[in-house]
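As the structure is a prediction and not an experimental result, all values here were calculated from the model.
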Amino acid sequence: MIPRKEHPNPQWERKTWRNLNGEWEFDFDFGRSARERELFKSGELSKKIIVPFCPESKLSGIGYTDFIPAVCYRKEINLTEEETAGKVFLNFGAVDFHSYIYINGELAGEHIGGYASFKVDITAFVRVGKNEIFVIAEDDTRSGKQPAGKQSQKFHSYGCFYTRTTGIWQTVWLEFVPKSYVKSCKYYPDITNGILTVTGEVSGSGELELNSSYEGKPTGSAKITASGFFSAQIKLSELHLWEVGKGRLYDLEIKFGEDNVKSYFGMREVSLNGLKFMFNHKPLFLRTVLDQGFYPDGIYTAKDEEELKRDIFLSKNAGFDGARLHEKVFEKRFIYHCDKEGYIIWGEHANWGMNYMDMAAQGNFICEWTEIVERDFNSPALIGWCPFNETWGYKEKETDSRLIESVYRITKLYDKTRPCIDVSGNYHIEHKEIHDVHDYEQDTEKFATYYAEIENGIVLDQVKRKEKDVQPYHGEPVFVSEYGGIKWAPNSVNGWGYGNAPKTEKEFIERYCTLTDILISNPNIMGICYTQLYDVEQEQNGLYYYDRTPKFGDETMKKLASVMQKKAAIEE
């Protein structure tokens with residue numbers, strides 16, 4: 001049985017694909033010498049692993065949780081004459097961190113970055129019949145040269161750092177395409193005029209046909225002659241807006257010669273207006289929750305598709321309209337379910353662990369971030385970008401580096417259709433478009449005073465209170481993208497959380513509801529993000545346990561959801 005057998009990217013799906021998940025040969029490379037020893041020519045590895053689960057996870061069959069500097073994978077596949085007649089692409093959802101891809105003993109490609117999806121053109125390296133895939137992945141979370149997110153840099157997990165992930169941790173698949181094919185597409189919805197503009201790139205030249213439909217009914221098409229870059233428009237016969245809680249998706253068929261791609265899109269627009277976040281030209285208060293994308297048995301990787309969908313359901317049950325996907329790039333299949341459910345999300349990179357002053361780290365981060373923005377650009381659920389979270393160790397004014405500003409500018413060049421948060425929390429640049437703050441104050445009276453004078457240009461978040469010269473505020477929309485973090489661990493004495501834990505469930509409810517109501521009732525705050533949806537290992541400040549079982553009964557959850565869904569002052 002193939003684990004995670006579903007197509008990894010429903011927004012770019014061809015019928016001619018093959019899932020390579022399942023058992024692979026495997027071995028550790030503790031000396032990082034596999035390339036030097038030319039293990040890719042050895043013909044065999046000593047262990048077995050279940051892909052796409054990382055070797056640290058139970059689901060992989062390995063479960064080794066100490067530091068792993070490098071790993072090797074090997075798999076034999078058989079290809080038919082028909083499959084090798086055109087282009088053959090080997091796709092990886094994600095491999096942490098620096099991967100080398102060998103086909104039949106030859107280096108076919110490499111990729112740097114532990115979170116972005118990538119593909120390797122292996123057409124010139126494969127043959128009809130038996131072929132060998134060999135992957136070497138090198139990973140050093142303590143080097144400072146790579147984004148590592150919440151992966152612990154100590155042997156044990158601690159605080160808000162958890163079990164590491166090495167090597168392959170998302171689906172691996174083959175794709176067989178004609179020699180002339182569609183390379184990429186970007187979708188630009190115009191809800192005012194009911195038009196979808198599609199730009200993209202093809203390999204070859206010929207007629208490109210775009211056919212849209214909604215719930216099986218044709219809604220418009222376009223035909224153009226394409227060669228290289230192209231642009232086309234579909235005038236929709238019916239306009240169905242993608243809205244929060246209502247993921248109205250159009251199907252899109254893309255035809256180019258013998259190539260046929262199945263995709264989808266949503267008609268919605270987001271922008272900023274004054275202090276407000278605008279969604280389909282109306283003010284929307286962002287009711288979101290922090291989601292870190294960790295799983296007890298799979299670590300970075302959900303056991304099955306039901307686990308992906310479950311987290312969205314649990315979030316909605318708690319009254320949230322969406323999530324901030326935190327210190328991790330989530331798999332495309334999760335984002336697909338967000339698109340289906342009308343569940344809004346912020347896209348973020350895993351910047352923790354990198355040395356911001358290291359030039360190699362800067363290059364690694366920027367290159368991978370552009371891949372991430374490219375991959376998820378077409379998702380209607382994704383309403384904004386956030387490349388950095390809490391950049392401790394970086395003070396923009398005190399260094400020669402302008403990394404944060406550079407990444408912000410690059411993001412805005414890549415995507416003019418969404419807002420971009422320069423840094424979630426500290427430290428901000430000048431000319432940002434959102435003032436994003438974190439605040440884990442547990443004293444509700446003090447908490448209220450910190451945001452009482454926003455109209456006077458005063459925002460006293462947790463960083464500003466300690467360092468008065470940071471966090472310049474110039475009247476931008478205010479997003480409190482981390483607050484709460486209330487520890488509630490009645491089954492544990494060693495769990496970690498923010499501040500003093502409430503002594504009773506009643507006290508938890510009162511604190512949660514008061515903190516939330518203070519922010520929702522403030523007419524100068526555009527949105528909030530509560531920390532967090534579920535516990536992760538020793539961090540026990542979630543609304544659900546790590547295994548996603550409920551911490552509270554139905555009545556308590558209704559109270560929490562009710563205050564979160566209260567009409568916000570900024571929506572008046």
Would you sort out whether Trp352 and Phe161 count as a ring pair (Phe, Tyr, Trp, His ring centres under 6.0 Å), showing the intermediate values?
CA-CA 10 Å; Trp352 278 13; Phe161 292 90; 5.4 Å; yes
Do [X] and [Y] touch side chain to side chain, with heavy atoms closer than 4.5 Å?
X: Leu515; Y: Tyr483; result: yes
X: His349; Y: Asn389; result: no
X: Asp29; Y: Asp27; result: no
X: Pro55; Y: Tyr64; result: no
X: Ile372; Y: Arg375; result: no
X: Asp376; Y: Ile335; result: yes
X: Ile366; Y: Ile410; result: yes
X: Asp461; Y: Tyr451; result: yes

Verify whether the ring centers belonging to [X] and [Y] lie closer than 6.0 Å.
X: Tyr544; Y: Tyr546; result: no
X: Trp369; Y: Phe388; result: no
X: Tyr414; Y: Phe377; result: no

Nearest-0.5 Å distance that lies between atom [atom1] in [X] and atom [atom2] in [Y]:
X: Thr391; Y: His428; atom1: OG1; atom2: NE2; answer: 8.5 Å
X: Thr444; Y: Tyr512; atom1: OG1; atom2: OH; answer: 15.0 Å
X: Asn91; Y: Phe118; atom1: CG; atom2: CZ; answer: 9.0 Å
X: Ile434; Y: Ile421; atom1: CD1; atom2: CD1; answer: 4.5 Å
X: Ile62; Y: Thr166; atom1: CD1; atom2: OG1; answer: 12.0 Å

Can you list every pair that meets salt bridge (Lys or Arg N to Asp or Glu O under 4.0 Å) and has a residue in residues 528-546, with sequence neighbours left out?
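Checked against salt bridge (Lys or Arg N to Asp or Glu O under 4.0 Å) - neighbours excluded - the pairs reaching residues 528-546 are Asp535-Lys551.
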What salt bridge (Lys or Arg N to Asp or Glu O under 4.0 Å) pairs are there with at least one residue in residues 333-342, not counting sequence neighbours?
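Non-adjacent pairs meeting salt bridge (Lys or Arg N to Asp or Glu O under 4.0 Å): Glu305-Arg333, Lys316-Glu341.
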Between [Y] and [X], is there a side-chain donor-acceptor contact under 3.5 Å, judged purely by atom types and distance?
X: Lys5; Y: Thr171; answer: no
X: Ser481; Y: Ser424; answer: yes
X: Tyr427; Y: Glu467; answer: yes
X: Tyr356; Y: Asn351; answer: yes
X: Asp321; Y: Gln565; answer: yes
X: Glu505; Y: Thr556; answer: yes

At their closest point, which heavy atom of [X] faces which heavy atom of [Y], and how far apart are they?
X: Asp96; Y: Gln151; result: OD2-NE2, 3.1 Å
X: Val289; Y: Ser315; result: CG1-OG, 3.5 Å
X: Ala116; Y: Glu368; result: N-OE2, 2.8 Å
X: Gly144; Y: Ala361; result: O-CB, 3.4 Å
X: Ser152; Y: Thr141; result: O-OG1, 4.2 Å
X: Pro8; Y: Trp17; result: CD-CZ3, 3.9 Å

Does [Y] offer a backbone N or O that forms a donor-acceptor pair with the side chain of [X] under 3.5 Å?
X: Gln11; Y: Asn378; answer: yes
X: Lys332; Y: Trp12; answer: no
X: Thr549; Y: Tyr545; answer: no
X: Ser57; Y: Gly63; answer: no
X: Arg32; Y: Phe30; answer: no
X: Gln442; Y: Gly484; answer: yes
X: Thr370; Y: Cys367; answer: yes
X: Ser143; Y: Asp140; answer: yes

Ring pair (Phe, Tyr, Trp, His ring centres under 6.0 Å) between Phe552 and Phe508, worked out:
CA-CA 11 Å; Phe552 306 103; Phe508 178 95; 4.8 Å; yes
Partners of Glu507 by side-chain contact (heavy atoms from CB on, under 4.5 Å), sequence neighbours excluded?
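If we apply the side-chain contact (heavy atoms from CB on, under 4.5 Å) test to Glu507, skipping adjacent residues, the hits are Pro502, Lys503, Thr504, Arg511.
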For Lys145, enumerate each residue passing the side chain to side chain donor-acceptor pair (under 3.5 Å) test, keeping only those at least two apart in sequence or located in another chain.
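With sequence neighbours excluded, Lys145 shows a side chain to side chain donor-acceptor pair (under 3.5 Å) to Asp358, given in chain and number order.
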Around atom [atom1] of [X], are there more than 12 heavy atoms from other residues, nucleotides or ligands closer than 6.0 Å?
X: Asp547; atom1: CG; result: yes
X: Lys303; atom1: NZ; result: no
X: Lys48; atom1: NZ; result: yes

Can Trp488 and Asn541 be said to form a side chain to side chain donor-acceptor pair (under 3.5 Å), step by step?
CA-CA 6 Å; Trp488 184 249; Asn541 49 19; over 6 Å; no
Step by step, work out the side chain to side chain donor-acceptor pair (under 3.5 Å) result for Gln538 and Tyr162.
CA-CA 8 Å; Gln538 72 283 338; Tyr162 324 115; 5.9 Å; no
Cation-pi, [Y] ring and [X] (6.0 angstrom, 45 degrees):
X: Arg35; Y: Tyr100; answer: yes
X: Arg4; Y: Phe53; answer: no
X: Arg142; Y: Phe67; answer: yes

Please test Lys150 against Gln292 for side chain to side chain donor-acceptor pair (under 3.5 Å), starting from the C-alpha separation and ending with a verdict.
CA-CA 9 Å; Lys150 293 295 191 76; Gln292 306 207 62; 2.9 Å; yes
Does a salt bridge link [X] with [Y], judged by any charged N lying under 4.0 Å from a carboxylate O?
X: Asp517; Y: Lys566; answer: yes
X: Glu441; Y: Lys446; answer: no
X: Lys328; Y: Glu348; answer: no

Pairs where residues 310-331 contributes a residue and the test ring pair (Phe, Tyr, Trp, His ring centres under 6.0 Å) is met, not counting sequence neighbours
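Counting only pairs at least two positions apart or across chains, the ring pair (Phe, Tyr, Trp, His ring centres under 6.0 Å) contacts touching residues 310-331 are Phe330-Phe334.
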Distance-only donor-acceptor pairs under 3.5 Å for side chains of residues 293-302, two or more places apart:
from, atom 1, to, atom 2, distance (Å)
Tyr300, OH, Tyr115, OH, 2.8
Thr301, OG1, Trp169, O, 2.6

